[in-house]
Amino acid sequence: MKSHISDLIKLSIQQLQKSGDLPDNLVLDIVVDRTKDARHGDFSCNIAMRLAKTVKQNPRKLAQDFVRMLPSSKYIEKTELAGPGFINFYLTTQALLNVVHEVVEQKSRFGSSLLGNKEKVQVEFVSANPTGPLHVGHGRGAAHGAVVANLLAEVGYDVSKEYYVNDAGRQMDILATSVWLRYLEHCGDSIVFPSNGYKGQYVVDIAADLFAIYGADFSRLFVEIIKGVCADEVSENPEGDKEAHIDDLINKAKALLGEKDYRVIFDFGLNKIIEDIKQDLGEFGVVYDEWFSERSLVDSKVVDKALQRLLDHDCVYEKDGALWFRSSKFGDEKDRVVKRDNGQTTYFASDIAYHMNKLDRGFTRIIDVWGADHHGYVPRVRASLDAMGLDSNALEVLLVQFAILYRKGKKAQMSTRSGEFVTLRELRSEVGNDAARFFYVMRKCEQHLDFDLDLAKSQSNENPVFYVQYAHARICSVFREIADNEKNYIFDSSTALESIALLDNSHELSLLTCLARYPEIVESAAVNLEPHQIPHYLRDLANHFHSYYNAHKFIVDDLALRNARLLLISATRQVLSNGMSLIGVSAPEVM
RNA sequence: GCGCCCGUAGCUCAGUUGGAUAGAGUAAUCGGCUUCGAACCGAUUGGUCGGGAGUUCGAAUCUCUCCGGGCGCGCCA
């Protein structure tokens, strides 16, 4: 409809140009918007005010000319000149009713489009280190990323969802060593657990599983292990160094176990946690197309290739025994190390290789959903793509702000290392998947999220998700009533279509308008990568329905009117269902 | 210190390719079930859009500056 109106205006302007009232060489950027206020009609255009300056004419007079030359259309009831020069369009009832035909025809596809032209886009999200269960902060990234992917798929992109598994590097070594130490406890030894190890109960559980399968195969005496290890930094000994302590323990583990056995424990812990994360996300309705391993990049020499490519472009140099990437040449604030003086490549080097690999796989858009604390990382990744001669514009990074947790009015600690955190699983079981998904995507991602756990848990009935779901269930209930009705009413959408012209009261017309907005909202949310538009729209739609419900009875004796109304709420149910499906919320038939 | 994000009703938030009288939810007050589900609807109250300056027909939206809050500035990942 927007483009239809825009075409009408274009024709009008062309007429004026032909008659010489307007110059020929105008840059036309016609924007047609829905009005905020029904008193301004359905759509409005500000082109007269935009052109007023360039053609040096009064905007109101200009608008008047446009209106005069506007071709008639069966969809436009009337046009009005308003305010400083707006042209307002009022749709005919026929145009408003059109949406019902569309919904009946397209059903669950209503709202989808071919806008993306099957362009290959990858959405990478969560990608939390596999060193422990996901916490509620990861949950936000999960919900956000999943909906972004859904939206892009809905408007015709070829979307692939990916989780980058950081299965290489020091954090994983710390986890492996933590598991081993807990395992020794299961073997009957007594140990002193490092302050910098992973202290969560899940590590103890993994160690128990390890012991159950392998027995005491990996058992070593703790007194042997601790020998020669740098002292830990604890309250009794503030002189110690917790970083050196854990590093020494890692090296001792590798030395005493041998590479092969160490790897068994390492992979055991890794796989347990990955399986747990996969299951957790699966239950949350978040499934991936690919779990991409960082280690595979190292093993398959992709990291080396990437560094070579930077070298070929003369973008790396040696300093202090390390290899540096000249990222400051490409907008980063300083150069970055890609290979340490001990010969190991950095995490950043893997990430350079990873993003190169993404483009190599044929994705022309790559969307990374990151925690906002990684924002400083964006320029260097972009720089690496530029340096390799790749298109850094293909990369879009969505920074999701932290969910700040409050428990009993106080900020809750969120540290994986200390084991003090609220897991996503815990949140899901407390407030339910639907409320969690809805709550997470209700806010735009750059907005901080105050998550009051007690409120979310104790008053979950006040969560807006129930309002939307209730509208859906209520409509289902009406149709159950039809089925059970003693008057043997039947409803059939194709015959009902013949009587939709009977829809004419204000509640019905505004509900129709709201339904017609759905595809526009989906497109806008997808183009701007803004999932929060969907829950806001759904709330609005539910509100229109509930108002209608309270104002008019649907199951009336008049067959034609009854059919028309039932068809309208049937379409409403379809759109509610489509929208909830996009954000991963269920559409219950009863509540 | 430098960089990124945020500041809109008591609270939680929408609204930015510049548009008309800045909107929802919640809280508060009042009203509505003999009815297809009251987990609902309607009404009222509530604002220096953090402060100031600028750009223009027009600024919550763009620019500058200041104030306040969050985060980041490793040969960690």
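Throughout, a chain's letter reflects where its sequence line sits, starting with A, and its residues are numbered from 1.
For A:Glu589, the CD atom counts as loosely surrounded, since its 6.0 Å shell holds 12 or fewer non-hydrogen atoms of other residues, nucleotides or ligands.
If you check B:rU61 for Watson-Crick or wobble pairing at under 3.5 angstrom, you find it has no partner at all. In this structure B:rC30 sits in a base pair with B:rG42, meeting the Watson-Crick or G-U test at under 3.5 Å. Within the shown strands, B:rC73 is the pairing partner of B:rG1 under the Watson-Crick or G-U definition, both distances less than 3.5 Å. Using N1 to N3 plus N6-O4 or O6-N4 for Watson-Crick, or N1-O2 and O6-N3 for G-U wobble, each under 3.5 Å, B:rA24 pairs with B:rU12. Base pairing analysis places B:rU48 opposite nothing; no Watson-Crick or G-U wobble pair with both distances below 3.5 Å involves it. In this structure B:rG68 sits in a base pair with B:rC6, meeting the Watson-Crick or G-U test at under 3.5 Å.
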Quick one: what's the B/S/- string for nucleotides 19-25 of chain B, heavy-atom cutoff under 4.0 Å, read 5' to 3'? BBB---S
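We find that A:Lys61 and A:Asp65 are joined by a salt bridge, their nearest charged nitrogen and carboxylate oxygen being less than 4.0 Å apart. Using a cutoff of 4.0 Å between basic side-chain nitrogens and carboxylate oxygens, A:Asp335 and A:Lys329 are not scored as salt-bridged. Look at A:Asp332 and A:Arg336 and you find a salt bridge, because one of the NZ, NE, NH1 or NH2 atoms lies within 4.0 Å of a carboxylate O, short of that distance.
A donor and an acceptor atom, one from each side chain of A:Glu124 and A:Tyr163, are nowhere located under 3.5 Å apart. There is no side-chain donor-acceptor pair under 3.5 Å between A:Asn563 and A:Ser499. In the model, A:His355 has a side-chain atom that pairs as donor or acceptor with a side-chain atom of A:Asp368 under 3.5 Å. Between the side chains of A:Tyr354 and A:Glu162, at least one donor N or O sits under 3.5 Å from an acceptor N or O. Side-chain atoms of A:Arg443 and A:Gln447 form no donor-acceptor pair, as typed in the model, at a separation below 3.5 Å. With hydrogens and angles left out, the side-chain atoms of A:Asp557 and A:Tyr489 include a donor and acceptor closer than 3.5 Å.
B:rA9 and B:rG50 are spaced 15 Å apart, taking the C1' atom of each and rounding to whole Å. Of the C1' atoms belonging to B:rG10 and B:rA28, the separation is 10 Å, rounded to the nearest Å. For the P atoms, the distance linking B:rU45 with B:rG25 amounts to 15 Å, nearest Å. The same atom, P, is picked in B:rU8 and in B:rU12; the two are 8 Å apart, to the nearest Å. Comparing B:rC41 with B:rG19, their C1' atoms are spaced 33 Å from each other, to the whole Å. Atom name P, nucleotides B:rA59 and B:rC67: the rounded distance is 26 Å, in whole Å. Rounded to whole Å, the separation between the P atoms of B:rG23 and B:rG15 comes to 15 Å. When the C1' atom is compared between B:rG3 and B:rU44, the two are found 47 Å apart, to the nearest whole Å.
At least one side-chain nitrogen or oxygen of A:Ser547 sits closer than 4.0 Å to the OP1 or OP2 atom of B:rG42. Within the structure, a side-chain polar atom (N or O) of A:His532 is placed less than 4.0 Å from OP1 or OP2 of B:rG15. The phosphate of B:rU16 has neither OP1 nor OP2 within less than 4.0 Å of any side-chain N or O from A:Lys444. Residue A:Arg443 places at least one side-chain N or O closer than 4.0 Å to OP1 or OP2 of B:rC13.
Distance, A:Phe438 CZ to B:rA39 P: 18 Å, rounded to whole Å. Distance A:Glu446 CD to B:rG72 C1': 17 Å, rounded to the nearest Å. Going from atom OH of A:Tyr537 over to atom P of B:rG15 covers 17 Å, rounded to whole Å. Separating the CZ atom of A:Arg382 from the C1' atom of B:rG3 is a distance of 15 Å, rounded to the nearest angstrom. One can place CZ of A:Phe545 at 13 Å from P of B:rA39, the figure rounded to the nearest angstrom. Distance, A:Tyr489 OH to B:rC36 P: 13 Å, rounded to whole Å. With rounding to whole Å, A:Ile490 atom CD1 is found 21 Å from B:rC36 atom P. Rounded to whole angstrom, the span from the CZ atom of A:Arg336 across to the C1' atom of B:rA77 amounts to 14 Å.
A:Tyr377 comes within contact range of at least one nucleobase, with a heavy-atom separation under 4.0 Å. Contacts of A:Val338 with the nucleic acid, taken as non-hydrogen atoms under 4.0 Å apart, are absent. Residue A:Met591 is in base contact, counting any heavy-atom pair closer than 4.0 Å across all strands shown. Among the atoms of the strands shown, base atoms are found under 4.0 Å from some heavy atom of A:Ser477. Counting non-hydrogen atoms under 4.0 angstrom, A:Asp341 reaches a base of the nucleic acid. Nucleic acid contact for A:His374: base, since at least one base atom lies under 4.0 Å from a heavy atom of the residue. Within the nucleic acid shown, A:Tyr549 comes within 4.0 Å of at least one base atom, counting heavy atoms only. Using a 4.0 Å heavy-atom distance criterion, A:Val378 is classed as making no nucleic acid contact. Among the atoms of the strands shown, none is found under 4.0 Å from any heavy atom of A:Gln469.
Side-chain proximity of A:Lys553 to the nucleotides B:rU35, B:rC41, B:rG70 is greatest for B:rU35. Taking only side-chain atoms of A:Arg340, from C-beta outward, the nucleotide of B:rA14, B:rC75, B:rC73 with the closest atom is B:rC75. Among the nucleotides B:rG37, B:rC75, B:rC76, the one closest to any side-chain atom of A:Tyr470 is B:rG37. Candidate nucleotides B:rA38, B:rC6, B:rC75 were compared by shortest atom distance to the side chain of A:Gln447, and B:rC6 ranks first. With B:rC75, B:rU16, B:rA77 as the choices, the nucleotide that has an atom nearest any side-chain atom of A:Ala322 turns out to be B:rC75.
A heavy atom closer than 4.0 Å to some atom of RNA chain B occurs in A:Phe554, A:Ile555, these being the qualifying members of residues 554-567 of chain A.
Between A:His532 and A:His536, the ring-plane angle classifies as perpendicular under the 30° and 60° cut-offs. By the 30° and 60° cut-offs, the orientation of the rings of A:Trp324 relative to A:Tyr317 is parallel.
Geometric assessment of A:Arg539 against the ring of A:Tyr467 yields a positive cation-pi assignment under the 6.0 Å and 45° thresholds. A:Tyr549 carries A:Arg474 over the face of its six-membered ring, with the cationic atom under 6.0 Å from the centre and within 45° of the normal.
One can find a donor-acceptor pair under 3.5 Å joining the base of B:rG3 and the side-chain atoms of A:His375.
Summary of the strand contacts: A:Leu399 and A:His552 both lie near RNA chain B, and taking for each the nucleotide with the nearest heavy atom, the more 5' one is attributed to A:Leu399. Nearer to the 5' terminus of RNA chain B, by closest-nucleotide assignment, is the contact made by A:Gln533 (compared with the other of A:Gln533 and A:Lys334).
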